[in-house]
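Take a look at the structure below.
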2 protein chains.
Amino acid sequence: MDTMTDLARTPKHIGNLIRRTRRKLGLSQAELGNKAGFRQETISLIETGNPATKLETILAVLAALDLEFHIVPRSKGDSGMIEDIF
Amino acid sequence: MDTMTDLARTPKHIGNLIRRTRRKLGLSQAELGNKAGFRQETISLIETGNPATKLETILAVLAALDLEFHIVPRSKGDSGMIEDIF
DNA sequence: CTGAATTATCGGATATGGCACATATAAGGT
DNA sequence: ACCTTATATGTGCCATATCCGATAATTCAG
């Protein structure tokens with residue numbers, strides 16, 4: 001009934017989710033960077049939606065937040081066009 | 001009962017899934033590259049698990065295959081340590 | 001086996017990540 | 001207001017993505 005999985009079609013989606021999760025865990029960007037093996041500045045860039053972030057960096061940050069990617073067929077129903085309302 | 005979502009914790013997971021899907025669709029790397037806006041060589045690198053691929057590149061390739069990322073909590077049961085058998 | 005298609009690899013060029021370090025804003029609490 | 005923390009921005013540096021063009025190397029059909 002409610003979205004149990006978080007769609008992530010754009011770097012901004014991913015950044016937003018990372019920020020939300022980090023805050024939910026009470027971590028600062030510096031602390032998260034520490035856990036993931038990157039600098040605070042790097043976390044900042046990711047959270048603001050830098051599209052050129054390296055895949056390995058994203059994966060490490062997700063892992064540090066106990067998150068992971070799943071790859072699924074693009075769900076036709078699920079808002080076909082997302083305009084990144086933020 | 002069967003895996004409806006594809007776990008993607010490493011660049012190799014992602015590369016393998018992209019390759020499988022591309023072949024299922026009967027596309028060559030060059031054709032996929034075309035659709036996604038990249039060169040055949042770039043697709044080759046992705047499929048072989050290059051960890052430094054840019055996020056935007058992966059997202060474009062997934063979209064060209066009608067796939068997308070979902071971000072979900074790391075499933076404890078789901079093979080905690082994946083050794084990328086390929 | 002042979003030729004065509006597919007995939008992998010090499011060199012040079014340009015762009016950008018993430019590092020280190022510094023600093024500038026922005027938020028938050030008292 | 002003040003001070004501390006948190007987040008964003010800037011420069012120089014090295015590594016590497018992706019581009020382009022060319023070419024190995026591999027796979028596949030006949």
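Note on naming: letters A, B, ... go to the chains in the order of the sequence lines (proteins, then strands), and numbering restarts at 1 for each one.
- Looking only at distances, no side-chain donor or acceptor of B:Ser44 sits under 3.5 Å from a matching main-chain atom of B:Gln40.
- Using a cut-off of 4.0 Å between Lys/Arg side-chain N and Asp/Glu carboxylate O, B:Asp6 and B:Arg20 are scored as salt-bridged.
- Across the protein-nucleic acid pair, A:Asn50 atom CG and D:dA8 atom P stand 12 Å apart, rounded to whole Å.
- Checked by distance alone, A:Glu41 brings a side-chain donor or acceptor within 3.5 Å of a matching partner on the base of C:dC21.
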* Let me see the working for A:Leu32 and A:Gln29 under side-chain contact (heavy atoms from CB on, under 4.5 Å), right down to the final yes or no. => CA-CA 5 Å; A:Leu32 174 55; A:Gln29 290 182 342; 5.8 Å; no

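- Closest non-hydrogen pair, A:Pro11 versus A:Gly49, comes out as CB-O, 3.3 Å.
- Separating the NZ atom of B:Lys54 from the P atom of C:dT14 is a distance of 15 Å, rounded to the nearest angstrom.
- Using a cutoff of 4.0 Å between basic side-chain nitrogens and carboxylate oxygens, A:Glu47 and A:Arg22 are scored as salt-bridged.
- Atom CZ in A:Arg39 sits about 15 Å away from atom P in D:dA8, given to the nearest Å.
- Put simply, B:Ser28 has no side-chain N or O that comes within less than 4.0 Å of OP1 or OP2 on C:dA5.
- The side chain of A:Thr57 places an N or O atom within less than 4.0 Å of a non-bridging phosphate oxygen (OP1 or OP2) of C:dG18.
- Residue B:Arg22 places at least one side-chain N or O closer than 4.0 Å to OP1 or OP2 of C:dT7.
- Rounded to an integer number of Å, the gap from CD1 of A:Ile46 to P of C:dT16 is 17 Å.
- Counting to the nearest Å, the P atom of D:dT18 and the CG atom of A:Leu55 are 10 Å from each other.
- Both A:Leu45 and B:Gly37 lie close to DNA chain D; mapped to their nearest nucleotides by heavy-atom distance, the more 5′-ward contact belongs to A:Leu45.
- The shortest heavy-atom contact between B:Glu68 and B:His70 is OE2-NE2, 3.1 Å.
- Close to C:dA8, at under 4.0 Å from its OP1 or OP2, lies a side-chain N or O of B:Arg19.
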* **Secondary structure string for DNA chain D (Watson-Crick or G-U under 3.5 angstrom, | for other-strand pairs)** => ||||||||||||||||||||||||||||||

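- In this entry the distance linking CD of A:Glu56 with P of D:dA15 reads 15 Å, nearest Å.
- Residue B:Thr42 places its side chain closer to D:dT18 than to any other of D:dT16, D:dT7, D:dT18.
- Checked options B:Leu62, B:Leu7, B:Thr21, B:Leu65; the residue passing with A:Ile71 is B:Leu62 (criterion: side chain to side chain contact (heavy atoms under 4.5 Å, CB included)).
- Between the C1' atom of C:dA8 and the CD atom of B:Gln29 lies a distance of 8 Å, rounded to the nearest Å.
- For B:Gln40 against C:dA8, a side-chain-to-base donor-acceptor contact under 3.5 Å is present.
- Nucleotide C:dT6 holds its C1' atom 9 Å from the CZ atom of B:Arg23, rounded to whole Å.
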